[in-house]
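What follows is a single structure, written as structure tokens, with notes after it.
One-based numbering, in listed order, for ligands and for the atoms of each.
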Amino acid sequence: MSATEPVRVAVIGTGMIGQDHIRRLSTVLSGARVVAVNDVDPARSAEVAAGVGATPYASGEEAIAATDVDAVVVTSWGGSHEQYVVASIAAGKPVFCEKPLADTVEACTRILGAEVAHGSRLVQVGFMRRYDPAYRAMKEVVDSGRIGDPLIMHCGHRNPSVPGYYTKESAIVDTAVHEIDLVRWLFGEEIAAVRVLTPRKSKNGGELQDPLLVLFEMAGGAIVDVEVSVNIRYGYDIRGEIVGEDGTVSLADSGPVTVRHNGSYSGRVPADWRERFIRAYDIELQEWVDGVAAGQPAAGPSSWDGCAAQAVADAGLAALASAERVVVTLPERPALYA
Ligand code: NAD
Ligand code: ISE
């Protein structure tokens with residue numbers, strides 16, 4: 001790879017987000033080319049590879065090791081992330097890993113250990129909300145001090161529907177994990193404790209406990225509530241409002257226009273996360289590609305952020321199971337992530 005040649009990327013996991021990231025790396029962003037893919041479903045891998053002229057590999061490890069691969073994107077299921085992230089670190093290749101970094105704190109800690117032993121940051125975790133223009137504008141308002149110290153944040157994380165294998169635990173580890181990272185970043189502090197409340201169930205979710213109300217106590221004393229509703233039907237709706245001492249800041253509705261007609265007004269609600277966060281994913285991966293091309297250490301959400309998010313998610317699972325307030329226990333933060 002030279003400064004003028006594209007970064008040659010291997011993508012492992014060619015499902016929904018894998019294919020979406022392959023599309024953006026191949027046709028939207030500059031400076032990258034997908035040259036290798038792998039999926040446990042070889043037919044899917046072959047079909048996706050053919051679409052972009054990449055080589056389908058029989059295993060993720062072979063794709064990572066390929067001599068024409070400069071960097072790796074991991075978009076397989078969470079339980080497989082550790083093996084591919086660790087293999088990428090062992091190969092000395094930058095790796096962008098979709099959330100979660102891994103599905104246990106122990107696995108995240110092993111990734112931290114491998115990266116610390118390597119000596120510089122190779123891993124970036126796909127917490128794309130940090131790149132969303134609306135959330136960035138919200139953070140600017142908070143950081144400016146205009147609304148005073150934040151006291152409360154209200155969040156809504158609404159999916160139109162979820163697949164049959166989705167559980168109430170998924171609502172925390174797969175869905176609310178985005179708010180976990182978001183509020184750590186927005187407030188610049190850790191989450192100290194978690195509670196989970198279980199309202200009456202929506203008829204749209206069958207037996208699933210849906211919605212959940214997740215409460216985070218920030219280390220500085222602010223409280224965050226997150227409504228996770230995953231069968232809301234009307235669209236993919238992400239809400240956020242921070243109440244400060246002297247004012248509030250809220251996410252605006254995300255549609256480009258509001259139509260007023262015939263005594264009512266309306267606007268578009270995004271269909272899914274791909275539509276709502278399209279700019280965030282584009283910015284996130286373009287910055288990652290540019291950093292890799294420049295030979296810089298990863299600069300986005302780190303292995304530490306992935307590990308801390310998993311520790312909070314674990315506390316959330318314990319809070320869900322016990323209906324108690326659960327204090328978050330973080331592992332020691334290595335100096336590499338200071
Ligand atoms: P998906 O089921 O659509 O796709 C996952 C793909 O990975 C499938 O094709 C599957 O066959 C493949 N796979 C599973 N295990 C594998 C393994 N060990 N090796 C190689 N391939 C394997 O799922 P998805 O919705 O694309 O989600 C994939 C990952 O991306 C998950 O970790 C998910 O949490 C994350 N995700 C993030 C966002 C976001 O907003 N940042 C959105 C969706 C998904
Ligand atoms: C999915 O995996 C995502 O990460 C989406 O951003 C989130 O909204 C959804 O609930 C998850 O299932």
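In the vicinity of K99, heavy-atom distances shorter than 4.0 Å reach the ligand 2 atoms 1 (C), 2 (O), 3 (C), 4 (O). Within ligand 2, the atoms closer than 4.0 Å to a non-hydrogen atom of Y236 are 5 (C), 6 (O), 7 (C), 8 (O), numbered from 1 in the order shown. Close approach of ligand 1 to P100 is summarised as follows: ligand atoms under 4.0 Å from at least one heavy atom of the residue are 32 (O). For ligand 2, the atoms lying closer than 4.0 Å to a non-hydrogen atom of D174 are 2 (O), 11 (C), 12 (O). For ligand 1, the atoms lying closer than 4.0 Å to a non-hydrogen atom of G13 are 7 (O), 21 (N). Taking a cut-off of under 4.0 Å to the non-hydrogen atoms of S76, the atoms of ligand 1 that pass are 7 (O), 13 (N), 16 (C), 21 (N), 22 (C), 28 (C), 29 (C), 31 (C), 32 (O). Within the listing of ligand 1, atoms 34 (O) sit less than 4.0 angstrom from a heavy atom of D174. For ligand 1, the atoms closer than 4.0 angstrom to any heavy atom of G126 are 41 (N).
Between atom 19 (N) of ligand 1 and the options Y281, Y84, W273, F277, the minimum heavy-atom separation is to Y84.
Taking a cutoff of 4.0 Å between a charged side-chain nitrogen and a carboxylate oxygen, R129 and D132 do not qualify as a salt bridge.
For the atom pair L101 CG and C108 SG, the distance stands at 4.5 Å (nearest 0.5 Å).
The backbone of T75, and not its side chain, has at least one atom closer than 4.0 Å to an atom of ligand 1 (non-hydrogen atoms only; backbone = N, CA, C, O).
Atom 7 (C) of ligand 2 has its closest protein heavy atom at H157 NE2, 3.5 Å.
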